[in-house]
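Shown next, in structure tokens, is the structure this report addresses.
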Amino acid sequence: MSDNPVFGRIQEDVNDNDVVLFMKGTPVFPQCGFSAALVQALTLLGVKFKGIDVLQDPSLREGIKEFSSWPTIPQLYVKGEFVGGCDIVREMYESGELGELMTNNGVETQSAA
Amino acid sequence: MRIQETIERKIAESLTPAHLEVINESHMHSVPPGSESHFKLVIVTDAFDGISRVRRHQQVHGILQKELKEDIHALSMQTMTPDEWTARGGEVMASPECLGGGKHDI
């Protein structure tokens with residue numbers, strides 16, 4: 001890990017919240033189709049999550065890419081673990097793996113399935 | 001060389017895919033005509049056998065490191081083994097629509 005000062009803040013956010021979505025815009029007003037797609041998947045699963053808008057802070061916007069070794073936004077964390085970006089999380093949602101991942105991590109979902 | 005061709009060549013050389021699609025989706029976004037900013041990749045290769053999705057994507061990010069840094073704004077991809085590709089019936093997910101935010105870089 002590098003000593004990038006923003007890493008401490010990111011670590012705190014992913015430790016303190018079961019499900020964290022680093023995204024462009026907010027869950028109510030996503031600013032990017034890829035971010036909106038993940039908000040929709042999490043909402044359909046009925047998962048409570050914390051959305052963090054990287055557009056509000058250039059150091060976070062760059063820092064999260066280095067923190068996760070992942071060059072794009074959005075990024076999903078569950079229980080402190082990086083799950084993936086838009087494509088991976090959508091695939092997992094469609095296959096049912098995302099719901100399983102939440103359940104296995106003790107994260108409440110409201111989906112009937 | 002066009003960015004699309006560069007992507008095709010680099011992926012083909014590194015992963016020897018059984019199936020490869022490099023789709024320029026820039027026209028779906030608010031960029032000038034002829035732009036090469038938004039791409040979708042479909043990569044089917046034995047090289048992904050036994051590797052997690054996150055690691056597969058990271059491999060591709062590594063191969064396209066220079067293009068991601070300098071040229072590409074958004075890169076969507078589906079990474080499959082030949083068995084997974086067959087199981088999906090060779091179908092690819094549609095890409096999300098652009099909402100216009102954060103246009104200037106990734």
Side-chain angles (χ1 to χ4, degrees), chain A residues 22-42 44 51-78 81-98 100-101, chain B residues 21 23 25-31 37-44 48 51-81 84-85 87-89 91-106:
Chain A
F22 294 90
M23 62 180 289
K24 289 180 177 174
T26 64
V28 179
F29 293 107
Q31 296 286 313
C32 161
F34 297 91
S35 290
L38 292 204
V39 168
Q40 191 187 18
L42 292 171
L44 287 170
I52 297 178
D53 182 3
V54 302
L55 297 178
Q56 297 303 317
D57 182 348
S59 70
L60 175 63
R61 183 172 179 174
E62 289 313 307
I64 186 64
K65 297 175 186 174
E66 199 187 328
F67 183 86
S68 310
S69 302
W70 198 261
T72 52
I73 314 287
Q75 299 185 10
L76 180 68
Y77 276 82
V78 174
E81 292 285 330
F82 177 63
V83 176
C86 183
D87 298 316
I88 291 179
V89 176
R90 286 175 72 212
E91 275 178 40
M92 291 177 72
Y93 173 74
E94 289 188 359
S95 69
E97 285 167 82
L98 189 61
E100 282 170 31
L101 176 81
Chain B
E21 289 175 53
I23 304 159
E25 296 192 325
S26 307
H27 61 90
M28 290 166 62
H29 301 271
S30 48
V31 292
S37 54
H38 296 65
F39 284 95
K40 176 152 84 179
L41 309 183
V42 180
I43 307 171
V44 181
F48 290 147
I51 298 177
S52 75
R53 284 196 189 89
V54 169
R55 294 288 309 143
R56 293 175 186 182
H57 284 229
Q58 282 172 331
Q59 272 188 20
V60 177
H61 296 151
I63 294 165
L64 301 177
Q65 195 171 25
K66 181 171 172 292
E67 287 69 28
L68 277 167
K69 203 169 165 196
E70 297 172 5
D71 307 303
I72 307 175
H73 166 81
L75 181 67
S76 171
M77 68 180 110
Q78 282 179 266
T79 52
M80 291 166 277
T81 63
E84 290 165 354
W85 173 244
R88 287 185 72 102
E91 285 200 25
V92 180
M93 289 192 299
S95 296
E97 294 292 324
C98 180
L99 300 181
K103 270 178 233 158
H104 302 294
D105 61 26
I106 283 175

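Below, read A as the first sequence line, B as the second, and so on, with proteins coming before strands; counting in each chain starts at 1.
Contact detail for B:Ser76 and A:Asp87: the closest heavy-atom pair is OG-OD1, 2.6 Å. The two atoms that bring B:Gln58 and A:Ser68 nearest to each other are NE2-O, 3.7 Å, heavy atoms only.
Interatomic distance, B:His57 NE2 to A:Ile88 CD1, rounded to the nearest 0.5 Å: 4.0 Å. Atom OG1 of A:Thr72 and atom CG of B:Leu68 lie 8.0 Å apart (nearest 0.5 Å).
For the pair B:Met80 and A:Glu91, the minimum side-chain heavy-atom distance is 4.5 Å or more.
Contacts of A:Gln40 with chain B are absent, with no heavy-atom separation under 4.5 Å from either backbone or side chain. In this structure, no portion of A:Val54 lies under 4.5 Å from any heavy atom of chain B.
Remark: A:Glu81 CD is loosely packed, at most 12 non-hydrogen atoms of other residues, nucleotides or ligands lying under 6.0 Å away. Crowding of B:Gln65 atom CD: a count of heavy atoms from other residues, nucleotides or ligands under 6.0 Å not exceeding 12.
Taking the six-membered ring where tryptophan is involved, the planes of B:His29 and A:Phe34 are essentially parallel, since the angle between them stays under 30° and well short of 60°.
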Check your understanding: Given the rule in the side-chain contact (heavy atoms from CB on, under 4.5 Å) test, do B:Arg88 and A:Glu94 qualify, once you have shown the distances and angles that lead to the verdict?
Key -> CA-CA 12 Å; B:Arg88 287 185 72 102; A:Glu94 289 188 359; 4.2 Å; yes
